[in-house]
Amino acid sequence: MIGMLFLAAIVVWVMQTLLALWQFRRFNRRVKELRRFGRVAIGKSKGRFLAGAIVLLCIDEDCRIIKGELLEGVTVFAKCRPFTALNKLNLLSIHKSICEERGLTRQQVRAALNARQDYLSYQELQQEKRHVSVTPAGR
């Protein structure tokens with residue numbers, strides 16, 4: 001009896017791993033497709049009791065959001081859906097009040113703000129790298 005429970009637990013764990021890998025591959029495909037249109041800012045909001053949310057925001061050279069997608073759900077079967085609530089806004093000007101005005105849920109607001117913050121952090125890192133490569137060695 002204990003052997004059967006142990007075997008069942010292993011089968012469930014293997015299935016969960018395979019399904020998670022399947023979802024990850026689908027997500028990566030969506031990111032690659034969005035990158036054809038411009039840079040992609042990704043924000044996430046984990047949910048403990050609520051469904052988590054991942055927001056993909058495709059931006060142009062001026063940081064205007066040209067396309068968005070949302071992955072929201074509690075299972076590995078959740079799919080990316082179009083997310084147009086923030087289209088045509090500047091990623092850098094997104095704030096909680098703007099998101100709430102546009103009818104975003106709490107998890108979506110957190111994910112959008114996380115995308116903005118991650119993009120800002122990325123920009124700072126790129127500026128530091130440029131500064132370091134410009135500075136002469138030995139100084």
Side-chain angles (χ1 to χ4, degrees):
M1 179 69 172
I2 292 178
M4 291 299 282
L5 287 174
F6 184 71
L7 182 62
I10 290 174
V11 169
V12 169
W13 178 73
V14 168
M15 287 297 297
Q16 187 267 337
T17 301
L18 292 174
L19 289 171
L21 288 171
W22 175 66
Q23 183 184 38
F24 184 70
R25 289 182 64 214
R26 283 188 317 160
F27 176 77
N28 277 340
R29 268 188 253 128
R30 293 303 307 151
V31 172
K32 284 181 184 178
E33 288 176 25
L34 284 175
R35 282 194 175 143
R36 291 186 302 168
F37 300 102
R39 294 172 291 175
V40 178
I42 302 173
K44 62 186 177 306
S45 174
K46 291 184 178 183
R48 292 194 178 170
F49 300 108
L50 301 171
I54 299 175
V55 174
L56 307 168
L57 301 173
C58 184
I59 57 176
D60 64 12
E61 308 83 38
D62 300 322
C63 287
R64 293 239 177 260
I65 299 169
I66 55 177
K67 190 172 187 169
E69 295 205 2
L70 173 69
L71 177 67
E72 192 172 42
V74 292
T75 70
V76 294
F77 300 110
K79 294 182 180 178
C80 287
R81 297 178 289 129
F83 182 66
T84 59
L86 301 175
N87 282 6
K88 299 181 182 172
L89 292 178
N90 188 302
L91 176 65
L92 304 178
S93 68
I94 292 176
H95 295 287
K96 185 177 180 179
S97 59
I98 292 172
C99 294
E100 290 172 347
E101 286 173 11
R102 294 187 171 239
L104 275 63
T105 65
R106 185 173 8 142
Q107 295 295 77
Q108 292 169 353
V109 170
R110 287 180 183 167
L113 295 177
N114 180 255
R116 177 183 174 269
Q117 187 57 48
D118 282 357
Y119 182 76
L120 287 171
S121 298
Y122 171 78
Q123 290 297 92
E124 288 176 14
L125 183 64
Q126 293 303 312
Q127 285 179 352
E128 287 176 15
K129 284 183 180 179
R130 276 187 236 125
H131 178 70
V132 168
S133 66
V134 173
T135 305
R139 286 190 176 198

Minimal non-hydrogen separation, K44 against N114, with atom names: N-OD1, 3.0 Å

Do L57 and L120 land in one hydrophobic cluster if side-chain heavy atoms of ILVMFWY residues count as linked below 4.5 Å? yes

Starting at CD of E100, measure out to CD of Q108 and round the result to the nearest 0.5 Å. 12.0 Å

Answer with yes or no whether the hydrophobic clustering places M4 together with V12; edges join I, L, V, M, F, W, Y residues whose side-chain heavy atoms lie under 4.5 Å apart. no

Supply the atom-to-atom distance Y119 OH to I59 CD1, rounded to the nearest 0.5 angstrom. 4.0 Å

Nearest 0.5 Å, what's the CZ-OG1 distance between R110 and T105? 9.5 Å

Might you point out which heavy atoms bring L71 and C80 nearest each other, and give the distance in Å? CD1-N, 3.8 Å

Within-4.5 Å side-chain heavy-atom neighbours: I42 and I54: yes

Say you draw a straight line from CD1 of I98 to CG of L89; how long is it, rounded to the nearest 0.5 Å? 6.5 Å

With side chains defined as the heavy atoms from C-beta onward, is the minimum distance between F83 and L56 less than 4.5 Å? no

How long is the gap from CG on D118 to CG on L125, to the nearest 0.5 Å? 12.0 Å

Determine which pairs satisfy side chain to side chain donor-acceptor pair (under 3.5 Å) with at least one residue from residues 16-30, sequence neighbours left out, and list them in order. R30-E33, R30-E69

Greater than 12 external heavy atoms within 6.0 Å of E61's CD: no

Sequence neighbours excluded, the answer for side-chain contact (heavy atoms from CB on, under 4.5 Å) partners of T84 is N87

Using side-chain contact (heavy atoms from CB on, under 4.5 Å) as the criterion, list what pairs up with A53, not counting sequence neighbours. L70, E72, Q107, A111

Is it true that L18 and F27 fall in one hydrophobic cluster, defined by side-chain heavy atoms closer than 4.5 Å? no

Using every non-hydrogen atom in the two residues, find where A112 and V55 come nearest and quote the distance to one decimal. N-CG2, 4.2 Å

Output all residues satisfying side-chain contact (heavy atoms from CB on, under 4.5 Å) with N90, sequence neighbours left out; order by chain, then residue number. C63, R64, L92, S93

Decide whether I65 and V40 are clustered together by the hydrophobic rule: side chain heavy atoms of Ile, Leu, Val, Met, Phe, Trp, Tyr closer than 4.5 Å, transitively. no

Using side-chain contact (heavy atoms from CB on, under 4.5 Å) as the criterion, list what pairs up with I66, not counting sequence neighbours. F37, C58, D60

